[in-house]
Amino acid sequence: MCTIVAELEKCIKSDDPLMGSIGTSMKMKFDKYWNKLEDMNKILLIAVVLDPRYKMLYLEYFFPKLQQDKTNGDVVSLMVGEVKSIFLKLFKEYAASDPEAAQASLDVTLPKSANAIADECEDSHAQNIQGFKKLRQEKDVVEIKDEVDKYLLEAAEDPANLKFDLLAWWKENAARVQYVVGSDVFAGEMPNCC
């Protein structure tokens, strides 16, 4: 979404009046659905967290960029907390329905994978990814309280890897985190807990 916002801003600032007009019109439509962090679909945000390249830190990095009211930092903290709470409820719902899979995910560790690094380029997405990677390097690991924290705090995949296959990753790592959580979120099938 930040890439879309950045590209729309480029169009709006363009010297070409037609591009400026189109960019302004598109930005108004974008803002209609994505203007407030509080109104964003939480399940879409859970899908971002389930992507092993990004996880929760991605939301912490990009929410301030999307927030219209830059003076209210509390909204970002509240949204990150709300998304994590929903993710935890979701995990507990699935763990209760399949305790054996939940226990198996506690017992398995993930080997670090080699990631292909994309060439640096000057587009908005690459700039956003570089800024996110820098923030990720600055963060310290904190105490692991539950299986959700374990997933969120383990080493993330490289977000610049253009050959990353999200569905293949989840298939390969099904035993670590309740696979059905990821598969259902990506398929749009949600239990009543969310």
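Hydrogens, waters and symmetry mates play no part in the numbers below; they use all other heavy atoms, side chains included.
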Measuring from atom [atom1] of [X] to atom [atom2] of [Y], what distance do you get when rounded to the nearest 0.5 angstrom?
X	Y	atom1	atom2	answer
Ile129	Arg53	CD1	CZ	8.0 Å
Leu50	Phe91	CG	CZ	11.0 Å
Glu93	Lys89	CD	NZ	10.5 Å
Glu9	Ile4	CD	CD1	12.5 Å
Glu60	Lys84	CD	NZ	9.0 Å

Is any side-chain heavy atom of [X] closer than 4.5 Å to a side-chain heavy atom of [Y]?
X	Y	value
Leu45	Phe87	no
Leu166	Pro52	yes
Met56	Val83	yes
Asp165	Leu167	yes
Val49	Tyr54	no
Phe63	Val75	no

> When you look at CE of Met40, are more than 12 heavy atoms from neighbouring residues, nucleotides or ligands closer to it than 6.0 Å?
Replying inline: yes
> If every non-hydrogen atom of Ala160 is compared with every non-hydrogen atom of Asp158, which pair is closest and at what distance?
Replying inline: N-OD1, 2.9 Å
>> Going by the rule ring-ring contact (aromatic ring centres under 6.0 Å, His included), which residues pair with Phe62 if we only count those two or more places apart in sequence or in a different chain?
In response: Tyr58
>> Under 4.0 Å between a side-chain nitrogen and a carboxylate oxygen: does that hold for Asp31 and Lys27?
In response: yes
> Of all residues at least two apart in sequence or in a different chain, which pass the salt bridge (Lys or Arg N to Asp or Glu O under 4.0 Å) check with Glu7?
Replying inline: Lys10
